[in-house]
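The sequence lines fix the lettering, A, B, ..., with proteins before strands; numbering per chain opens at 1. Just so it is clear, the structure is predicted and the values come from calculations on it, not from any experiment.
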Amino acid sequence: MPELPEVETIKQDMIKKIKGKSIKKVEIKNEKNIRIVSPLEFKKKLEGKTIKDIQRRGKFLMLYLDSSDVLLFHLKLTGRLIFSSSRDVEPEYSRIAFIFEDGSTLFFADIRGFADIYLVSQDEINQIPAIKNMGPEPLSPEFTVEKFKDILKRKRGKIKPLLMDQNVIAGVGNIYSQEALYRAKIHPEREVSRLNDEELESVYRELLKLLEEAIRYRGSSVDAYVDLNGKEGNFVPHLQVYGREGQTCPRCGSIIRKKKIGGRGTYFCENCQK
DNA sequence: CAATCGTCCTGCGGGC
DNA sequence: TGCCCGCAGGACGATT
């Protein structure tokens, strides 16, 4: 499941590999992920267009075209974007092929089919509900510790579900919310209104360090995530609690627990997360 | 009104 | 060994 570090990795690779390329042909094998526009309109609006810029917002990847349109991807759980220098090397579960003038191809693949693909004009981006209400980018300079505290102090509820709420902070999902809390030594079920300044500051610091570190390691290949070259990220060995139920806590040696919190599987150390 | 549930879907793992 | 059931989850809409 691609979260901010994984989408950021894909974005950086895309800037190197497909920025400036012109889409010659779009082949749709499975249209299920395409939202709002019809497959025919999707093809028509993309063929002949050039990719001018690539950006990320939360877990969304945004490809700006030389028309006024933007191609948006949200990979959800099992969506993949894989670049190949040849259109003949088709990845597993491939659904859409974006074939460039030079024959190189961007494949969109998805196992479970939850991913969303939008094609909208630039001024329609903010009409997409998931983007309209999205919280700040955690790695932007404006996202200061004061801003973080301001936002969370207005909220009620358990800290972990709040961290992965896209309307609170953009891009943080199930994996990085729980890893950040482990690093900050905060129990995922702590009521946010009962966290003091020092604790909130620690969550902020650890979250930002974690995201930056995960980007340097090209993300975590949990579930279906691979990078633009189809290669796995290198951050999984650096995850300290995620997926480690029954193993010992790297910090205190207690047994790591798994519990459903806010409907999502959450791993934590009951001994050192208070 | 905030929290939980069902929905989409399919690969995989646990259990027998 | 092999089969089958049910779990996993991002975000949204419905429900309690």
Side-chain angles (χ1 to χ4, degrees), chain A residues 1-8 10 29-36 56-62 72-82 91-96 108-118 120 125-138 151-181 188-194 211 214 219-226 230 232-233 236 239 241-247 256-268:
Chain A
M1 18 176 188
E3 300 180 28
L4 188 153
E6 290 76 32
V7 181
E8 180 64 24
I10 297 173
K29 199 195 278 184
N30 184 329
E31 63 187 60
K32 260 191 231 151
N33 305 78
I34 303 170
R35 311 292 169 222
I36 307 172
R56 180 190 57 74
R57 175 80 173 102
K59 301 175 194 170
F60 280 89
L61 206 51
M62 328 173 93
L72 304 180
F73 292 93
H74 190 308
L75 300 175
K76 294 279 180 86
L77 303 175
T78 54
R80 288 172 165 172
L81 285 164
I82 296 171
E92 262 189 306
Y93 311 108
S94 173
R95 294 178 177 222
I96 302 172
F108 166 75
D110 195 359
I111 301 170
R112 271 170 266 185
F114 290 175
D116 300 316
I117 303 174
Y118 297 90
V120 296
I125 292 177
N126 289 318
Q127 288 171 31
I128 295 168
I131 294 179
K132 185 163 73 182
N133 303 315
M134 197 179 279
E137 281 297 322
I151 294 168
L152 286 187
K153 279 179 175 175
R154 275 185 248 269
K155 300 282 175 187
R156 271 184 295 162
K158 294 168 183 167
I159 181 68
K160 194 256 180 174
L162 280 171
L163 285 183
M164 55 184 290
D165 183 339
Q166 298 305 294
N167 300 333
V168 175
I169 309 165
V172 178
N174 198 34
I175 298 172
Y176 295 106
S177 58
Q178 52 194 292
E179 284 296 316
L181 290 172
E189 291 183 291
R190 278 286 292 284
E191 168 61 42
V192 73
S193 57
R194 299 225 178 96
L211 294 174
S220 306
S221 284
V222 164
D223 216 333
Y225 170 72
V226 290
E232 294 193 346
V236 168
L239 297 175
V241 280
Y242 186 86
R244 293 180 182 257
E245 185 185 17
Q247 297 180 31
I256 292 164
R257 279 195 57 196
K258 182 182 185 185
K259 186 182 177 187
K260 258 201 164 63
I261 299 173
R264 295 288 168 253
T266 307
Y267 302 85
F268 59 101

A.B. asks: Over all heavy atoms of both residues, which pair between A:Ala115 and A:Phe108 is shortest? Give the atoms and the distance, please.
C.D. replies: CB-CZ, 3.7 Å
A.B. asks: It should be established whether A:His74 places a side-chain nitrogen or oxygen under 4.0 Å from OP1 or OP2 of nucleotide C:dA11.
C.D. replies: yes
A.B. asks: Using only side-chain N and O atoms of A:Lys260, determine if any of them is under 4.0 Å from OP1 or OP2 of C:dA8.
C.D. replies: yes
A.B. asks: Rounded to whole Å, how long is the line connecting atom CG of A:Asp116 with atom P of B:dC9?
C.D. replies: 13 Å
A.B. asks: Pairing donors with acceptors under 3.5 angstrom, does anything connect the side chains of A:Lys160 and A:Thr266?
C.D. replies: yes
A.B. asks: Taking only side-chain nitrogens and oxygens of A:Lys258, does any of them come within less than 4.0 Å of OP1 or OP2 of C:dA8?
C.D. replies: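 Result: yes.
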A.B. asks: On DNA chain B, does the nearest nucleotide to A:Ile111 precede the nearest nucleotide to A:Glu191 from the 5' side, or the other way round? Give the residue.
C.D. replies: A:Glu191
A.B. asks: Quick one: label A:Gly173 by what it contacts on the DNA or RNA (base, sugar-phosphate, nothing), any heavy atom closer than 4.0 Å.
C.D. replies: nothing
A.B. asks: For A:Glu3 and C:dA11, what is the distance between atoms CD and C1' respectively, to the nearest whole Å?
C.D. replies: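 Interatomic distance, CD of A:Glu3 to C1' of C:dA11: 13 Å.
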A.B. asks: Verify salt bridge (Lys or Arg N to Asp or Glu O under 4.0 Å) between A:Lys32 and A:Asp116, making sure each step is shown before the conclusion.
C.D. replies: CA-CA 9 Å; A:Lys32 260 191 231 151; A:Asp116 300 316; over 6 Å; no
A.B. asks: A:Arg264 has an atom CZ; how far is it from atom C1' of B:dT7, in whole Å?
C.D. replies: 11 Å
A.B. asks: Select base, sugar-phosphate, or nothing to describe what A:Phe60 touches, counting heavy atoms under 4.0 Å on all strands.
C.D. replies: nothing
A.B. asks: Whole angstrom is fine here: how far is it from CG in A:Asn167 over to P in B:dA2?
C.D. replies: 13 Å
A.B. asks: Expressed as a whole number of angstroms, how long is the span from A:Arg35:CZ to C:dA11:P?
C.D. replies: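 Distance, rounded to whole Å: 13 Å.
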A.B. asks: Looking at C:dA11, B:dC9, C:dC12, which one has an atom nearest to any side-chain atom of A:Arg112?
C.D. replies: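 Among the listed nucleotides, the one closest to the side chain of A:Arg112 is B:dC9.
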A.B. asks: Using the six-membered ring for Trp and the full ring for Phe, Tyr or His, decide whether A:Phe114 stacks on the six-membered base ring of B:dC8 (centres under 5.5 Å, planes under 30°).
C.D. replies: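 Whether judged by distance or by angle, A:Phe114 passes, so it stacks on the base of B:dC8.
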A.B. asks: Taking only the side-chain nitrogens and oxygens of A:Gln166, find out if one of them lies under 4.0 Å from OP1 or OP2 of C:dA11.
C.D. replies: yes
A.B. asks: Looking at every strand, decide which applies to A:Asp110 at a 4.0 Å heavy-atom threshold: base, sugar-phosphate, or nothing.
C.D. replies: nothing
A.B. asks: Please report, rounded to the nearest Å, how far the P atom of C:dA8 is from the CD atom of A:Gln178.
C.D. replies: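 Interatomic distance, CD of A:Gln178 to P of C:dA8: 13 Å.
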A.B. asks: A:Arg95 has an atom CZ; how far is it from atom C1' of B:dC8, in whole Å?
C.D. replies: 11 Å
A.B. asks: Is A:Glu92 salt-bridged to A:Arg80, going by a charged N under 4.0 Å from an acidic O?
C.D. replies: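 No salt bridge links A:Glu92 with A:Arg80.
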A.B. asks: Taking the nucleotide of DNA chain C with the closest heavy atom to each, which residue, A:Gly265 or A:Ala130, is nearer the 5' end?
C.D. replies: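 Its nucleotide being nearer the 5' end, the pick is A:Gly265.
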A.B. asks: Return no unless some side-chain N or O of A:Lys76 is found under 4.0 Å from OP1 or OP2 of B:dC8.
C.D. replies: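 Indeed not, no polar side-chain atom of A:Lys76 lies that close.
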A.B. asks: So, A:Ser220 versus A:Tyr176: side-chain donor-acceptor pair below 3.5 Å or not?
C.D. replies: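 Side chains of A:Ser220 and A:Tyr176: pair found under 3.5 Å.
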A.B. asks: Can you say whether the rings of A:Phe60 and A:Tyr118 are parallel (under 30°), tilted (30 to 60°) or perpendicular (over 60°)?
C.D. replies: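 Ring orientation, 0 to 90° scale: tilted.
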A.B. asks: Would you kindly give the CG-to-P distance between A:Asp165 and B:dA2, to the nearest whole Å?
C.D. replies: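 In whole Å, B:dA2 P and A:Asp165 CG are 12 Å from each other.
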A.B. asks: If you only use heavy atoms from C-beta on, which nucleotide in B:dC9, C:dG9, C:dG10 is closest to the side chain of A:Tyr242?
C.D. replies: C:dG9
A.B. asks: Closest to the A:Tyr93 side chain: C:dG9, B:dG11, C:dC12?
C.D. replies: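 Comparing C:dG9, B:dG11, C:dC12 against the side chain of A:Tyr93, the answer is B:dG11.
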